[in-house]
Amino acid sequence: MYWPSQRQRESAVNHYWNSVVEGAPSAPAGLDRGLAGLIDAVAASDASPKPERAFVDRLEAHLMGQAVWKSPVPQPDYLPGTENVSSSRSVANDSRRFRLPGSGERSRLKAGLSWFSAQAAFVVLLILIAGGIASIYLLGNDGEEGEREIPAVVDSTDRATPVDEDVMSTLAAADIDPEVMFPGGPEGWTEAHFLLVELRPGETNLITFCEGCQTPALMMVMEGQVDLSINGPVYRVAERGEARTPEKTEGKQLIQLHAGDAVIFDIHIDSATERIVNTSNANAQYLLGALPRNPCVQVTFANLPKLFTISRPLPPMTDAPLGLTIEEITIDPHSRFAFEITDGRQELYLLSSGALTAVTAEGQEPGNRLTSSWRVPTGMQVDRYPAGSYFFQNDAEEPAKLYRLSVAYDPVSDPATIESPAMPEACPTLPMIFDG
Amino acid sequence: MSGNAMLSPYSFQSTAQSDDELDLVRRAAGDPQAFALLYRQYVESIYRYCYRRLGSKEASEDATQIIFEKAIAALPRIDPNSPFRAWLFTIAHNTVIDIARAHRHARTLDDIAEFTIFDPAPTPEDMAIELDERDRLSALIRQLPDRERRLLDLRIAGLNDREIADVMGMSHGAVRTAQYRALQKLKGMMASDTDRKLAHVLA
């Protein structure tokens, strides 16, 4: 008679269970028939319901809209201390290309709108607007900062970190085709991305642009001070919140930025890697914008206590006045927050702390709900959803905080008629409100 | 936030994975459409796994959303040759634990294991009256020690022993031993007076 050992009994059970999972039950020698029946019963015991179709579709739309598709981080050869950045980031790099603007978009751009310069103009406008509100300190730039070294990037894959940090340590701007995502939007709308990033003292972020991307980008320091290093030219366009004639700094120089300082990156370089280091003893925050039609911005975070990623259509680039408003909204515990989505309205929301739950208010159109929850660090691209009223509730005991970004602009008649401004040397001061 | 094991996309052993899925995983980090196909393939199993662990529609929807958001964020660091299902369920496993811990001001994780986060299970007396045999077995599974219950939940989700080992950070041998013990315990529980009927059916 065959008397299997304990290990053989365990293996027989395991073998049978694997075969049940694969849909082809096969009972090996030594299998306890009673346990085999129990395995069958356990496998059939799942009474959990399928997800509702509406939820599956809504979540898919949400993920496709706010996903952060990205390419690997190239290793900048000029930056010190990057040798130990994990090579694992290069996995499958060839397959991780971003979608470029579609042919229709390109043809429209060729039709007279100098896309690049127009974007740069908008970047400058945006920064100048932002500069009007931002604070505070100024340290002199003595021109010798290029000699300094900045700390090496801490690779989150090489150290013990909380789970959230591990899985969220790299994020990039979303890749959204406005013609697909905003079919009802005004002709010529373009897209922008903003990241509001918080850096703890001593932390470093890398901002990487993919090869071949033509990406004007802005960075504005909201709090604290940071050192910036980039391998291409950078233009300082605001200082201490004051607009200024763009001051060009050649690549590979170290630039010290303080609250209220803003820069834009040279738009003609093929590949740029920006390193941002918080050299102060306090937390620093900066706003990174990539404008527009930019599926390529990649941000690698050594640490990520706070992050927002948003994208939205913006009007065609123009030198017409633009107003930008950033507000912080607090939703008290067990309170409800309502907002309206109106076609063409330039407004969006970012959740900075807490969590909100979508609720259906009385009189609301059935099905007119956003995805069921809204959590940090997920930004909500409310523009993607049909016009109407939306309601969120803070069910927690702690307040939830939102940022609201609003853009006000003068309507533009025909994008093709817009002249292509060169990199502006001076820009008008435009109104901006910041309630922080 | 969570103190449980870190997500380690590189630690997975290679197991059977179709060429199509390998290709999708390779492309998913930079191709939303590829990710969408993976999403459609796994959203139901992830949702149902969350439902088993959390016990309510709202909690399961929230968890499913968080899991796929985390997956998107972590995709660039996945080894495309590693089994995607185990990788995704590792995120799900940790996320469910995080959610449970977020609610532990009201209940401990063990409490949640026995009941649910939002909808406490009925009493044994209620179960005896109302539940059919399948539900009764599910109720007994929820009475197992936490690790064994999690293991069976992953089995029910369709994972094999190697995938479960990856998800739970255990050796294959430990998984085999734990699942065997879990079955023996279940068998013993069903042999008790209150579950004699079910034991008879399964005999």
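Lettering follows sequence order; numbering is per chain, from 1.
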Original post:
Most heavy-atom pairs under 4.5 angstrom with chain A, which of G173(B), S45(B), G158(B)?
Top reply: G158(B)
Subject >> Within-4.5 Å side-chain heavy-atom neighbours: L152(B) and W17(A) >> reply: yes
Original post:
Atom NZ in K187(B), atom CG in L38(A): separation rounded to 0.5 Å?
Top reply: 8.5 Å
**OP:** Could you have a look at I39(A), D32(A), V21(A) and say which one has the most heavy-atom pairs with chain B under 4.5 angstrom?
**Re:** V21(A)
Subject >> Most contacts with chain A, counted as non-hydrogen pairs under 4.5 angstrom, among L186(B), V175(B), T64(B), D153(B) >> reply: T64(B)
Subject >> Distance, nearest 0.5 Å, that separates CD of E61(B) from CD of E52(A) >> reply: 6.0 Å
Subject >> Options V20(A), N18(A), L35(A), ranked by heavy-atom pairs under 4.5 Å with chain B, top entry >> reply: N18(A)
Original post:
Under 3.5 Å, is there a donor-acceptor pair between the side chain of R48(B) and the main chain of S48(A)?
Top reply: yes
Original post:
Can you name the residues that form a salt bridge (charged side-chain N to carboxylate O under 4.0 Å, His left out) with K185(B), not counting sequence neighbours?
Top reply: E148(B)
Subject >> Per-residue contact mode, I46(B) against chain A (heavy atom under 4.5 angstrom) >> reply: neither
Original post:
Out of R9(A), E10(A), R7(A), which one pairs with Y180(B) under the side-chain hydrogen bond (donor to acceptor under 3.5 Å, both in side chains) rule?
Top reply: R9(A)
Original post:
I156(B), V43(B), D161(B): which one forms the most heavy-atom pairs within less than 4.5 Å of chain A?
Top reply: D161(B)
Original post:
Does Y51(B) reach the main-chain N or O of K50(A) with its side chain, forming a donor-acceptor pair under 3.5 Å?
Top reply: no
Subject >> Portion of F68(B) that has a non-hydrogen atom of chain A nearer than 4.5 angstrom >> reply: both
Original post:
Contact part of R181(B) toward chain A, heavy-atom cut-off under 4.5 Å: side chain, backbone, both or neither?
Top reply: neither
**OP:** Only counting residues at least two apart or in another chain, list the ones meeting side chain to side chain donor-acceptor pair (under 3.5 Å) with E22(A).
**Re:** none
Subject >> Region of D40(A) that comes under 4.5 Å of a non-hydrogen atom in chain B >> reply: neither
